[in-house]
2 protein chains.
Amino acid sequence: MAQKNKLQFIILGLLNQQPLTGYDLTKAFDTEIGEFWQAQHSQIYPQLKRLEEQGYITHEITISGEKLEKKLYHITAIGQTLLGSWISDGTPDLTATKDEFILKLYFIQTNRDPRLKAMVQEQLQLHTDKLTHLQQRLATVFPTKASQTANYGHYLILQHALGREDYYVNWLNQTLSALPKR
Amino acid sequence: MAQKNKLQFIILGLLNQQPLTGYDLTKAFDTEIGEFWQAQHSQIYPQLKRLEEQGYITHEITISGEKLEKKLYHITAIGQTLLGSWISDGTPDLTATKDEFILKLYFIQTNRDPRLKAMVQEQLQLHTDKLTHLQQRLATVFPTKASQTANYGHYLILQHALGREDYYVNWLNQTLSALPKR
DNA sequence: TTAAAACATGTAATTTATTACACGTTTTAA
DNA sequence: TTAAAACGTGTAATAAATTACATGTTTTAA
């Protein structure tokens, strides 16, 4: 096995909250979960097929408009069991974060490198934007204590992502300040 | 093209510091760079072959002991050019951090979930260990200001990884404390 | 009303990554 | 001295992920 096929569990987890189409699932990776996982529809549709073959999900066909068929997928009982066992299982492997900028940084030998400043500034812009975006999402999605408790895991990971970006931005600022003046 | 083939640049970057064998490169992913990228030898040897075919690296054969042949790879001038352009190019894409624990957390609905506490505690242990490990590495690899300046990029990313783990541990502790008492 | 954007579902080709298979040498410590 | 660990280099099989190809419907806004 080449990896652990986490996509299947993500799909099960999302379907456990509510029935969704392949298209809905695809969109979920642009917002909700996109912070922590990426997947394209070309990966999702075949995975849905496999999950259904294995009995973890089923689908019903609904008609949108005149004739557009939508496949609305539901999780089954054994699907819920599989999801539950994945969550309950330990998670002992900390995957390396594949951060291309950090990778490039590694190959910079000296703090006098003329490229350094622009590189850090670019990332500062990107991560500041992301931080702002996450702050807005947290505020709009979880405005009240009640809303936070209602979907606790989601709240936690958004808050985690926010804190992570906050650290990243601070570190970049600090790194920029520490750069030699000329 | 399926991705950007960053592995080739990592190899070039490492060879730019000093000539290395495939075996040396493989080991680099266990220590140095393993914090930010992973690769197995089965990926590295074919990549070395391709880089050599394209003229970005060359190798010389040295004999270790009686007859063990080692291929010591060197970066070429055009290899250095390629490496330089990769570093100089912008890095506008922030890749999603594929964190399985965070993924699982997303599917936890309520803060009363009985699995939550053990899950957070496990991660706390793992990340605390990692934090300790990084602190020791930073202290041993970069004990002096001079050593930090001598290999600035490496210093920066180690320090970044350390801060990241520190945040993670703090967040986990905070999350654990916020859990309802029973 | 009509064109663009969004909705909706798939497959094919290619690349990247992991695990497994395969073989042999040198060094180190019991 | 001898067995295990580390050194050293490769290929094969498989799985995961990205990009590209392919097609059609419905909604929305100009």
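All chains are named by letter (A, B, ...) in the order of the sequence lines, taking the proteins before the strands, and each is independently numbered beginning at 1. Just so you know, these numbers use all the heavy atoms, side chains as well, and skip hydrogens, waters and symmetry mates.
- In this structure, OH of B/Tyr73 is placed 12 Å from C1' of D/dG8, rounded to the nearest angstrom.
- Rounded to whole angstrom, the span from the NZ atom of A/Lys49 across to the C1' atom of C/dA12 amounts to 13 Å.
- The aromatic rings of B/His160 and B/Phe36 sit tilted, their planes meeting at an angle between 30° and 60°.
- When the side-chain nitrogen and oxygen atoms of B/Lys4 are compared with OP1 and OP2 of D/dT18, none of them lie within a distance under 4.0 Å.
- Side-chain proximity of A/Ser42 to the nucleotides C/dT16, D/dT19, D/dA17 is greatest for D/dT19.
- Between the side chain of B/Thr21 and the base of D/dT9 there is no donor-acceptor pair of N/O atoms closer than 3.5 Å.
- Here the two rings, on B/Phe107 and A/His154, have centers that are 6.0 Å apart or farther.
- Between A/Lys98 and C/dA17, a side-chain N or O to OP1/OP2 separation shorter than 4.0 Å is present.
- The phosphate of C/dA17 (OP1 or OP2) has no side-chain N or O of B/Gln40 nearer than 4.0 angstrom.
- Proximity of a side-chain donor or acceptor of A/Glu52 to a complementary backbone N or O of A/His59 within less than 3.5 Å is detected.
- Remark: C1' of D/dT18 and NZ of B/Lys6 are 11 Å apart, rounded to the nearest angstrom.
- Proximity of A/Lys67 to the phosphate of C/dA8: no side-chain N or O atom is located under 4.0 Å from OP1 or OP2.
- One finds a side-chain N or O of B/Lys71 lying less than 4.0 angstrom from the OP1 or OP2 phosphate oxygen of D/dG10.
- Look at B/Lys27 and you won't find any side-chain N or O under 4.0 angstrom from OP1 or OP2 of D/dG8.
- DNA chain D is contacted by both A/Ser64 and B/His41; B/His41 maps to the nucleotide lying nearer its 5′ end (nearest heavy atom per residue).
- When each of D/dA17, D/dT11, C/dT9 is scored by its nearest atom to the side-chain atoms of A/Tyr23, the top-ranked nucleotide is C/dT9.
- For the residue pair A/Lys71 and A/Ile61, the shortest heavy atom distance occurs at CG-CG1, 4.3 Å.
- Between A/Ile44 atom CD1 and C/dG10 atom P the separation is 12 Å, expressed in whole Å.
- One can place CD of B/Gln38 at 17 Å from C1' of D/dA16, the figure rounded to the nearest angstrom.
- Judged by closest nucleotide on DNA chain D, B/Thr26 is the one of B/Thr26 and A/Glu66 placed further toward the 5' end.
- The CG-C1' distance, from B/Leu20 to D/dT9, rounds to 15 Å in whole Å.
- Taking 4.5 Å as the limit, some side-chain heavy atom of A/Gln159 sits within range of a side-chain heavy atom of B/Trp171.
- B/Ser88 and B/Ser85 share no donor-acceptor pair across their side chains, judged by distance under 3.5 Å alone.
- A 3.5 Å limit on both hydrogen-bonding distances identifies C/dA12 as the Watson-Crick or G-U partner of D/dT19.
- Listed candidates were D/dC7, C/dT18, D/dT11. Nearest to the side chain of B/Leu68 is D/dC7.
- Straight-line distance from the CD1 atom of A/Ile63 to the P atom of C/dT9: 11 Å, rounded to whole Å.
- For C/dT9, the OP1/OP2 oxygens have a side-chain nitrogen or oxygen of A/Tyr45 closer than 4.0 Å.
- If you measure from atom CD of B/Gln43 to atom P of D/dT11, you get 14 Å, rounded to the nearest angstrom.
- Within the shown strands, C/dC23 is the pairing partner of D/dG8 under the Watson-Crick or G-U definition, both distances less than 3.5 Å.
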